Amino acid sequence: MAKAHRSSLRFEVAIMSRLMVGGVDFGQPLIRPMCSAGRGNAMAEKVAIIGAGLAGAVCARALADAGRRVCVFEKSGGTGGRLSTRRSASGEFDHGAQYLTARGAAMGALLARLADAGAIASWTPDGKDRPGDWHVGLPGMSGAVKPLLAGLDVRLRTPVETLRLAADAGVEVVTGDGARHGFDRVIVTAPSPQAHALTGALDARFDALGGIVYAPCWAAMVAFDRPLPDLPDLWRGADDAPLALIARNGSKPGRTGETFVIHAGGAWSARNLERPAGPVLEEMLAALSAHAKGVPAPVHAAAHRWRHARVDAPLGTPFIESACGRIAVCGDGMLGGRAEAAVDSADALVAHIVAGGGQAVPARP
Ligand SMILES: Cc1cc2nc3c(=O)[nH]c(=O)nc-3n(C[C@H](O)[C@H](O)[C@H](O)COP(=O)(O)OP(=O)(O)OC[C@H]3O[C@@H](n4cnc5c(N)ncnc54)[C@H](O)[C@@H]3O)c2cc1C
């Protein structure tokens, strides 16, 4: 069943600097007003956003704040996309992205506002090996998108299966339950193979999505019933190994339990992608036992396969828009392998739309 989430939390995403993404100037400075969701402007443009990951959440928040009527369709049962948290009786696991960092203005502004909203906190693990401030979502990584989506119409467990250009200059969105929804504009934030499946037949411009390359990642979520002091909070290994990253999830703020997330390397994950989860998990656990002394049998162990984990070869342009201006694709695949790329891509698209880019849309009831 589709589920709508509404709350009254107000949240501001303001980016006051002139937007420069990938060396391209995207127009006017954006000063976005406080959340205007729910003010019920029936004449406002109706925008469907496919995907409630970081790119979708940034688009949704900014467009709602700019007066659009926004509806977010998410195929899974939760928000956050690859900013993902799995819960178990033994504790929680951030089995996708481990932490967020900002190099540019848009991500810096977003992280500052998420921190103000109490949705992220700093994480300085024992073993921190890269510069900059590291931030994690609260209470898990998926918590980082919650303030962005608060008060908006978010439909969980609602996959979008088909997009059609409608005769009335809108776009018809067909969801998994067969329902048809009319919108003025659609933004697709799914990883590029899924985005292309929705858009490829509508405009040849979207064929460029085929050039984006993702590395897969096998992730293991492991909990123990006693402390393992020989394991650091963070450790990185080789890309062609079953043990490319160990993160002590319990060392992140707000987490509980002796919980670890293990990521296999991209090359190793690619070679083992189609194997069943059971043997993959066994191999990753054996590698963990070989890595540290005295690792006991876990009280919880599960594996998750990310087919599209980190972007290895991005498109290099912040978004693709159809010639008619009614459909656009954004997300990390456009610009790079970090969550910040998803934010920059979404931000560039929003700036383009708010500046009047794309079609001159009719208002629909
Ligand atoms: C294992 C792993 C480790 C990572 N580590 C880091 C890290 O430490 N730091 C960092 O910065 N980044 C990291 N990343 C990358 C980061 O997670 C991504 O760059 C970022 O989350 C991408 O956001 P997005 O919104 O573009 O895409 P996603 O998060 O993939 O969001 C897309 C959403 O669209 C939904 N969707 C897809 N198809 C449909 C459909 N047809 N209908 C409805 N919904 C649909 C999906 O369910 C998903 O929720 C990591 C990723 C992984 C997987």
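No experiment lies behind these values; they were computed from the predicted model shown. Start at 1 and go down the list; that is how both ligands and their atoms are numbered.
The closest approach between Gly96 and ligand 1 falls below 4.0 Å for a heavy atom of the residue. Contact annotation: Ala219 has no heavy atom less than 4.0 Å from any atom of ligand 1.
Looking at Ala55, Pro216, Ala97, it is Ala55 that brings a heavy atom closest to atom 25 (O) of ligand 1. For the residues Gly81, Ala339, Ala342, the heavy atom positioned nearest atom 10 (C) of ligand 1 is part of Ala339.
Scanning the protein for heavy atoms near atom 30 (O) of ligand 1, the closest one is Arg82 NE, 2.8 Å. In terms of protein heavy atoms, atom 14 (N) of ligand 1 is closest to Arg310 CD, 3.4 Å. The single protein non-hydrogen atom nearest to atom 35 (C) of ligand 1 is Glu74 OE1, 3.4 Å, given as residue, atom name and distance. Here the protein heavy atom with the shortest distance to atom 34 (O) of ligand 1 is Gly51 CA, 3.2 Å. Ranking the protein heavy atoms by distance from atom 39 (C) of ligand 1 puts Lys75 CD, 3.8 Å first. Regarding atom 31 (O) of ligand 1, its nearest protein heavy-atom neighbour is Gly53 CA, 3.6 Å.
The side chain to side chain contact (heavy atoms under 4.5 Å, CB included) test applied to Ala323 returns Asp203, Arg205, not counting sequence neighbours. Every residue two or more places apart in sequence or in another chain that forms a side chain to side chain contact (heavy atoms under 4.5 Å, CB included) with Thr101 is listed here: Tyr99, Trp134, Arg338.
Minimum interatomic distance between His263 and His95 (heavy atoms only, all atoms of both residues): NE2-O, 3.0 Å.
Arg103 CZ: 12 or fewer foreign heavy atoms inside a 6.0 Å radius.
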